[in-house]
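Below is one structure, written out as structure tokens; comments come after it.
Index from 1, following the sequence.
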Amino acid sequence: MKPVAEYNFLDPAVVENPFEFHRALREQAPVYEVPGIGLFLVSTHAGVLEVIEDPRRFSSKSGPAVGGMAPPAEVIAAMSKGYPHVDTLITSDPPDHIRYRSLVSRAFSARRVAGLEDYIRGVARDLVSSFLHEGTLDLVPAYAVPLPLSVIADQLGVPRSDMARFKKWSDDAVAPLGGMISLERSVECAESIVEFQHYMASIIEERRADPKDDILSDLIEARLDGAEPLNVPEMLSILQQFLVAGNETTTNLIASATMLLCQNRDQLALVRAEPALIPNMVEEAVRLESPVQSLFRLATEDTTVLDTKIPKGARIVVMYASANRDAAVFPDPDRFDVRRENAKSNLAFGRGEHFCIGVALARKEAAIAFETLLGATRDLRLSPGKNDFAHVPSFILRGLKQLAVDLTPA
Ligand code: HEM
């Protein structure tokens, strides 16, 4: 294993296959200062927990920046044609965060998610019937993308006829997070977000006048005793988080879990024989492939993490993906084990105040995706010679570009 100092964490080859680097970090420097840029990488389960469970010492506020890096002037100019940036939920701290969280929790209640089950099953069934007899197909655009995309778009009042635009907005909201795109593309993404904001602002007005039984209407109606309801810029900020979080992450989970099942045929056989294992299989896939690889925090005071000194103002990368392969918590951590007893101890959905608000929805969507797909097929295999398992380049999100599979209907 190379010394950590010899890795460049933004090198495309490291981003594509980060796990050896993560292991080097955990073993050599669980809290590692990237020389000269005031950035600390925290890579063990205990270290990540120490940071994310203490929002007072470690702020989530980012402003319009990605990871604390101010956007270029051209991007700021493009964004100025949209609604003002507000730090909500994922980029806010207590006490503001508590207000946002309480308002949004009402829209994301367990009752609402439970009530969506039959409807999600219907979406999954329609998709599977549309490709079941194709034999060989790319599962990403056929299934992993449209399942969560349809669910969140329906819940936000976006008509199916606008689905392609919705997907483009989602891709353009995600692309800058990786920090690996050109200036021209960054401006294009900013323009796309502004278009999304104007589009959603008009749907919000429609829903205000004519509420429906969906998440958007709940968000508009949400009230707390003595607190202001959400205003339009706040709602747009939250909707943008749903667009990214409610969509790309779940897509990436469905695709990577399919890859893992096909690569580990003994595990696929276990799940086929005992479908009750599906929720734990999903948890194990989310642990191993971590759709959200890392996120940022900012030190609000001179402090320590795992006894390593961190100065006030330093940026911290909490490496969920690395924490999820920490052998101190997960024995034989690189193994895909659908029966792993503590798979749910993964940090893929975060922990503490910012624990994923969509976790119940994501788990339900992924479980239904596999119940439906495995129920409809007798065999599911990787198409020989058609997969390079390359990922969309991003330091933050991990998602397969494509996944070619051969299906045999049941
Ligand atoms: C496999 C799917 C998903 C993964 C891996 C995932 C991961 C995460 C993680 C790691 C966080 C914590 C952020 C932090 O520590 O700062 C988070 C928060 C969040 N997630 Fe998810 N998520 C998923 C699905 C969803 C879905 C379906 C939605 C909603 C439609 C959603 C909405 C959010 C929101 C709004 C937050 C911010 C919560 C807060 O700051 O209080 N996520 N998610």
Side-chain angles (χ1 to χ4, degrees), residues 1-11 13-62 65-69 90-91 93-94 177-180 286-331 333-334 342 345-356 394-398:
M1 193 191 306
K2 287 195 298 191
V4 281
E6 287 181 19
Y7 290 89
N8 169 1
F9 74 105
L10 289 178
D11 175 347
V14 173
V15 172
E16 176 56 43
N17 187 1
F19 302 115
E20 186 193 286
F21 171 52
H22 291 172
R23 189 155 67 91
L25 281 171
R26 288 192 304 271
E27 289 180 10
Q28 297 170 32
V31 180
Y32 174 69
E33 181 173 8
V34 181
I37 55 171
L39 188 73
F40 289 78
L41 308 181
V42 177
S43 54
T44 58
H45 197 274
V48 169
L49 270 183
E50 182 177 341
V51 176
I52 64 181
E53 288 189 328
D54 192 346
R56 192 189 58 76
R57 284 191 297 149
F58 304 106
S59 164
S60 287
K61 253 186 151 118
S62 73
V66 175
M69 280 167 278
I90 209 162
T91 59
D93 291 332
L177 301 181
M180 298 174 85
V286 89
R287 178 187 75 80
L288 267 183
E289 288 294 321
S290 303
V292 179
Q293 294 269 293
S294 303
L295 282 172
F296 294 90
R297 296 291 192 269
L298 193 75
T300 59
E301 60 186 34
D302 287 342
T303 185
T304 56
V305 175
L306 300 178
D307 299 327
T308 300
K309 281 190 180 155
I310 309 249
K312 178 176 178 177
R315 281 170 300 138
I316 294 153
V317 180
V318 279
M319 305 180 74
Y320 301 119
S322 174
N324 286 341
R325 291 188 185 222
D326 187 338
V329 179
F330 305 105
D334 298 327
N342 69 345
S345 302
N346 75 74
L347 301 180
F349 294 105
R351 192 70 75 80
E353 314 251 344
H354 291 277
F355 183 60
C356 179
S394 170
F395 170 66
I396 304 287
L397 300 182
R398 183 167 176 82

Legend entry - Which residues share a salt bridge (Lys or Arg N to Asp or Glu O under 4.0 Å) with R23, sequence neighbours left out: E27
Legend entry - Student check: side-chain heavy atoms of V305 and F58 closer than 4.5 Å: yes
Inset, instruction - Hey, could you give me each pair passing salt bridge (Lys or Arg N to Asp or Glu O under 4.0 Å) that has a residue in residues 30-52? Not counting sequence neighbours. - result: E50-R57
Legend entry - OG on S290 to CG on N346, rounded to 0.5 Å: 7.0 Å
Legend entry - Check: P333 main-chain N/O paired with R287 side-chain donor or acceptor under 3.5 Å: yes
Legend entry - Contacts of L347 that satisfy side chain to side chain contact (heavy atoms under 4.5 Å, CB included) - sequence neighbours left out: H45, V48, L49, Y320, A323, N324, R351
Legend entry - Distance-minimising heavy-atom pair for P18 and R398: CD-NH1, 3.6 Å
Inset, instruction - Heavy atoms only: give me the nearest S294-V317 pair and the separation to one decimal. - result: CB-CG1, 3.6 Å
Legend entry - Nearest non-hydrogen partners of I310 and A299, listed with the distance: CG2-CB, 4.0 Å
Legend entry - Minimum side-chain heavy-atom gap H22-S43 below 4.5 Å: no
Inset, instruction - Would you mind reporting whether R315 and L298 have side-chain heavy atoms less than 4.5 Å apart? - result: yes
Legend entry - Under 3.5 Å donor-acceptor, E301 side chain and R56 backbone: no
Inset, instruction - Test R325 against D334 for salt bridge (Lys or Arg N to Asp or Glu O under 4.0 Å), laying out the working first. - result: CA-CA 7 Å; R325 291 188 185 222; D334 298 327; 3.0 Å; yes
Legend entry - Main-chain N/O of R26 paired with D326 side-chain donor or acceptor, under 3.5 Å: no
Legend entry - Atom pair CG/OH of L39 and Y32 - distance to nearest 0.5 Å: 10.5 Å
Inset, instruction - To the nearest 0.5 angstrom, please state how far the CD1 atom of I52 sits from the CD1 atom of I316. - result: 12.0 Å
Inset, instruction - Nearest 0.5 Å please: distance from the NZ atom of K309 over to the OG1 atom of T303. - result: 11.5 Å
Inset, instruction - Indicate, with yes or no, if the rings of F21 and F9 have centres closer together than 6.0 Å. - result: no
